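Order of the sequence lines fixes the chain letters, A, B, ..., with proteins taken first and strands second; residue numbering starts at 1 for each chain. No experiment lies behind these values; they were computed from the predicted model shown.
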Amino acid sequence: MPTYRAPRGTRDLLPTETPTWTRLERLAADLAARYGYRRIETPLFEQTDVFERGIGEVTDVVEKELFRLAPRTEESESWVLRPEPTAGIVRAYVQHGMRTWPQPVKVTQTGPMFRYDRPQAGRYRQFWQFDVEAIGDPGPAVDAEIIELGTRFYREAGLDGVEVLLNSIGDAACRPAYVAELTAYYEPHRVALPAIERGRLDRNVLRLLDSKDPAMAGLNANAPRMTERLCADCAEHFAAVRAHLDALGVGYRLEPGLVRGLDYYTRTAFEFYLVGREGQQQAIGGGGRYDGLVELLGGRPTPAIGFGIGLDRLILALTETAQAVPSEAGPTAVVVGADPDDTIARLRVVTQLRAAGVGSRAELGRRKLGKQLEAAARDGAHFAVILGDELADGNVGLRDLPAGTQKVVALADLAREIERAHAAHRHGGGPD
RNA sequence: GUGGCCUUAGCUCAAUGGCAGAGCAUCGGAUUGUGGCUCCGAAGGUUACGGGUUCGAGCCCCGUAGGCCACCCCA
């Protein structure tokens, strides 16, 4: 066992798996751009207050999962690694006066998030999210647009069986009364509640609604529903979101028990779920409207909505259904030589190829030709450029490895010849 | 944060309390300029770490770390 390991809950993404990541990150960036979202990058850490105030102090994310940075001096600020992207982005929106930009401000970001949680498969202390935020639009049309964007991301990533769970959790006008009603509903049953649920009754009543405890099923089924207690504005908004989704043909399932874990959410709340999958990795993305957050972080009242999609869990799901197989593209050409010691010749030729734009590598070790060719073939290279005696006449051998054919090519024509043959091969639909 | 299961070579796994092994992968060789197959060989280990029991521990016991599963929570 090695002396040093990646810290608990983190892992290395090896070159064998990064092609999948690169593909998804590109898809995320392309898709967001297609919808008019522009890239923003905020720091990996923020002042603790940004999250404590933004997310809410009585949330699990803040109470037990914040990754706190030890201060170097007494007077230094208190910092934490970001557990989610939205609060930092909103902080940036306020700080840079983006309210003077054309509204809404539509931004996207993909990067690592950190939560000090107990690790499990699909649950890491450092995990990646593709995030999209539209700030300054009250909806409801943008709510539907952003949910549709999320579903398209999964579809284009190649993941089937993603379901949208939708709910409205009201706003400052109607939620407090609902929370009071819900508390009153459960209170008479307090002593009969399982210990965990009893704790929720005091901490966050809404959480009782999505309890997995079978003992709660009966009680929860008859509990008052937020969607039936929405104020007129919220009810109208929710109905309009649904009408827009219907018009777009985006399927969804109403889930009255859906409560997001961060306090800043208002009205529209949604999660992307993997159907037919048990356990906690069912949620592969989620988001919602947060009309109060900008003001909470020092800006003017500004409506906004966004979502985050977990890339780790998406890739986990893709891998399990064998949809993540990366087509490992080897170098176009590998330069090998009959004289193992003549690394100068090989390096010169490969440098010339690269200057001409050909993706190539040279055998820089000193093994014999047979081994060099063997390695080139296993690399998945299309061509081997073989340097031998004919180099004295300015010629080299150009071997098509998959085809097993070989011809003599003038060094001066080498790059051009490779590009021509390689392009013909690809357009011919050969194996890649 | 709570409970449970697990940890032997880079990977997948063997080894009755009695000499730590195999397959794959890696590297080299098979008469000196031509690959994937085949054959031969080499290297690779403080059996996760620290204690204990025992004549003797990979194996039994305790602790720690890490992974996984169920909760919790979420992505």
Q: Quote, to the nearest angstrom, the P distance that separates B/C68 from B/C13.
A: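 These two P atoms come out 15 Å apart once rounded.
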Q: Under 4.5 Å between any side-chain heavy atoms of A/Gln129 and A/Gln109, yes or no?
A: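 Side chain of A/Gln129 against side chain of A/Gln109, heavy atoms only: no contact under 4.5 Å found.
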Q: Is any side-chain N or O of A/Arg367 closer than 4.0 Å to OP1 or OP2 of B/G28?
A: yes
Q: What nucleic acid atoms does A/Tyr124 come within less than 4.0 Å of, heavy atoms only: base, sugar-phosphate, or nothing?
A: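 Base: the residue A/Tyr124, judged by heavy atoms under 4.0 Å, touches a nucleobase.
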Q: Without decimals, in angstroms, what is the distance between A/Leu316 CG and B/C68 P?
A: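 The distance from CG of A/Leu316 to P of B/C68 comes to 10 Å, rounded to the nearest Å.
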Q: So A/Gly404, base contact, sugar-phosphate only, or nothing? Heavy-atom distance under 4.0 Å.
A: base
Q: Which is more 5' along RNA chain B, the nucleotide nearest A/Tyr154 or the one nearest A/Ala6? Just name the residue.
A: A/Ala6
Q: Would you say the side chain of A/Arg123 and the base of B/G1 hold a donor-acceptor pair, judged only by whether the two atoms sit under 3.5 Å apart?
A: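 Checked by distance alone, the answer is yes.
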Q: Do A/Thr86 and A/Asp131 have side chains that approach each other closer than 4.5 Å (heavy atoms only, starting at C-beta)?
A: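 A side-chain contact under 4.5 Å exists here.
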Q: Quick one, A/Phe270 with A/Tyr252, criterion ring-ring contact (aromatic ring centres under 6.0 Å, His included). Give me CA distance, side-chain angles, the key distance, then yes/no.
A: CA-CA 9 Å; A/Phe270 56 94; A/Tyr252 57 88; over 10 Å; no
Q: How far apart are the C-alpha atoms of A/Arg53 and A/Glu46, what are their side-chain angles, what is the distance that settles it, and do they pass the salt bridge (charged side-chain N to carboxylate O under 4.0 Å, His left out) test?
A: CA-CA 12 Å; A/Arg53 285 182 60 82; A/Glu46 296 274 355; over 6 Å; no
Q: Quote, to the nearest angstrom, the P distance that separates B/A14 from B/G50.
A: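 Going atom to atom, P in each nucleotide, I get 24 Å.
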Q: For the residue pair A/His422 and A/His382, does the interplanar ring angle fall in the parallel (under 30°), tilted (30 to 60°) or perpendicular (over 60°) class?
A: tilted
Q: Is any side-chain heavy atom of A/Leu206 closer than 4.5 Å to a side-chain heavy atom of A/Tyr178?
A: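 Contact flag for A/Leu206/A/Tyr178 side chains = yes.
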Q: Can you check whether any acceptor in the base of B/U34 is under 3.5 Å from a donor in the side chain of A/Glu374, or vice versa?
A: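 Side chain to base: no pair below 3.5 Å.
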Q: Examine A/Tyr116 together with A/Phe114 and report whether their ring centres are nearer than 6.0 Å.
A: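 A/Tyr116 vs A/Phe114: aromatic centres not under 6.0 Å.
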Q: Looking at B/G33, B/C68, B/A75, which one has an atom nearest to any side-chain atom of A/Ile386?
A: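 It is B/G33.
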Q: Could you check whether A/Gly370 gets within reach of a base, just the sugar-phosphate, or nothing at all, counting any heavy atom under 4.0 Å?
A: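 Answer is sugar-phosphate: A/Gly370 comes under 4.0 Å of backbone atoms only.
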Q: Does A/Gly365 reach a base, just sugar-phosphate, or nothing at all? Heavy atoms under 4.0 Å.
A: nothing
Q: Can you label the angle between the A/His189 ring and the A/Tyr185 ring as parallel, tilted or perpendicular, going by 30° and 60°?
A: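 Ring orientation of A/His189 relative to A/Tyr185: tilted.
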Q: Starting from Watson-Crick (N1-N3 plus N6-O4 or O6-N4) and G-U wobble pairs under 3.5 Å, report the runs of at least three that RNA chain B belongs to.
A: B:1-7 with B:65-71, B:10-13 with B:21-24, B:26-30 with B:38-42, B:48-52 with B:60-64
Q: Just one of A/Phe67, A/Trp79, A/Phe51 clears the ring-ring contact (aromatic ring centres under 6.0 Å, His included) bar with A/Phe45, so which one?
A: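 When A/Phe67, A/Trp79, A/Phe51 are each tested with A/Phe45, the ring-ring contact (aromatic ring centres under 6.0 Å, His included) holds only for A/Trp79.
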Q: Compare side-chain N and O positions of A/Gln120 against OP1 and OP2 of B/G67 and report whether any pair is under 4.0 Å apart.
A: no
Q: When rounded to the nearest Å, what value does the distance between C1' atoms of B/A48 and B/C59 take?
A: 16 Å
Q: Under 4.0 Å between a side-chain N/O of A/Arg378 and OP1 or OP2 of B/U26, yes or no?
A: yes
Q: Between the base of B/G33 and the side chain of A/Glu390, is there a donor and acceptor pair under 3.5 angstrom?
A: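 Counting by modelled atom types and ignoring angles, a donor-acceptor contact under 3.5 Å is found here.
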Q: Which nucleotide sits closest to the side chain of A/Lys368: B/A30, B/A65, B/G33?
A: B/A30
Q: Where is the tightest heavy-atom contact between A/His237 and A/Thr268, given as atom of each residue plus distance?
A: CE1-OG1, 3.4 Å
Q: What's the CZ-C1' distance between A/Arg346 and B/U34, to the nearest Å?
A: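 Computing the A/Arg346:CZ to B/U34:C1' distance gives 14 Å.
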Q: Pick the P atom in B/C19 and in B/G58, then give their distance to the nearest Å.
A: 10 Å
Q: Can you measure A/Asp400 atom CG to B/G35 atom C1' for me and round it to whole angstrom units?
A: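 Spelled out: CG on A/Asp400 to C1' on B/G35 is 13 Å.
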Q: Roughly how many Å apart are B/C72 and B/U12, using the P atom of each and rounding to a whole number?
A: 31 Å
Q: Starting from C1' on B/U64, measure out to CZ on A/Arg5 and report it in whole angstrom.
A: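 For the pair A/Arg5 CZ and B/U64 C1', the rounded distance is 11 Å.
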Q: Rounding to the closest angstrom, what is the interatomic distance between B/C5 and B/G51 at atom P?
A: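 Between the two P atoms, the distance is 25 Å.
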Q: Answer yes or no: does a side-chain N or O of A/Arg399 lie under 4.0 Å from OP1 or OP2 of B/U34?
A: no
Q: Does A/Gln406 reach a base, just sugar-phosphate, or nothing at all? Heavy atoms under 4.0 Å.
A: base
Q: Counting the atoms with a prime plus P, OP1 and OP2 as sugar-phosphate, which does A/Asp60 contact under 4.0 Å by heavy atoms, base, sugar-phosphate, or nothing?
A: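 If one applies the 4.0 Å heavy-atom cut-off, A/Asp60 turns out to touch the sugar-phosphate alone, with no base involved.
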Q: Between B/G1 and B/U64, how far apart are the two P atoms, rounded to whole Å?
A: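 After rounding to an integer number of Å, I get 13 Å for this pair.
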Q: Are any of A/Arg8's side-chain N or O atoms less than 4.0 Å away from OP1 or OP2 of B/G67?
A: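 Answer yes for this pair, as a side-chain N or O of A/Arg8 is under 4.0 Å from OP1 or OP2.
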Q: Atom OH of A/Tyr4 to atom P of B/G66: distance rounded to whole Å?
A: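 These atoms are roughly 16 Å apart.
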Q: What's the CG-C1' distance between A/Asp389 and B/G33, to the nearest Å?
A: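 For the pair A/Asp389 CG and B/G33 C1', the rounded distance is 8 Å.
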Q: Return the nearest nucleotide to the side chain of A/Tyr273; candidates are B/G66, B/A75, B/C74.
A: B/C74
Q: Checking A/Tyr35 against A/Arg152: is there a side-chain donor and acceptor pair closer than 3.5 Å?
A: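 Checked: A/Arg152/A/Tyr35 side chains pair up, N/O donor to acceptor below 3.5 Å.
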Q: Give the nucleotide from the list B/A75, B/G35, B/G1 with an atom nearest to the side chain of A/Ala377.
A: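 The listed nucleotide nearest to A/Ala377's side chain is B/G35.
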Q: Would you say A/Lys371 reaches B/A30's phosphate, i.e. side-chain N/O to OP1/OP2 under 4.0 Å?
A: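 No.
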Q: How long is the line joining CZ of A/Phe127 and C1' of B/A75, in whole Å?
A: 5 Å
Q: Please state the P separation for the pair B/C61 and B/G18 - nearest whole angstrom.
A: 16 Å
Q: Need to verify one output field. Residue with the more 5' nearest nucleotide on RNA chain B, A/Tyr265 or A/Lys64?
A: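 On the 5' side of the pair lies A/Lys64.
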Q: Which of these nucleotides, B/C74, B/C72, B/A65, is closest to any side-chain atom of A/Ala283?
A: B/C74
Q: Under 4.0 Å, counting only non-hydrogen atoms across every strand here, what does A/Asp339 touch: a base, just sugar-phosphate, or nothing?
A: nothing
Q: Report the distance from atom CD of A/Glu271 to atom P of B/C74, rounded to the nearest whole Å.
A: 8 Å
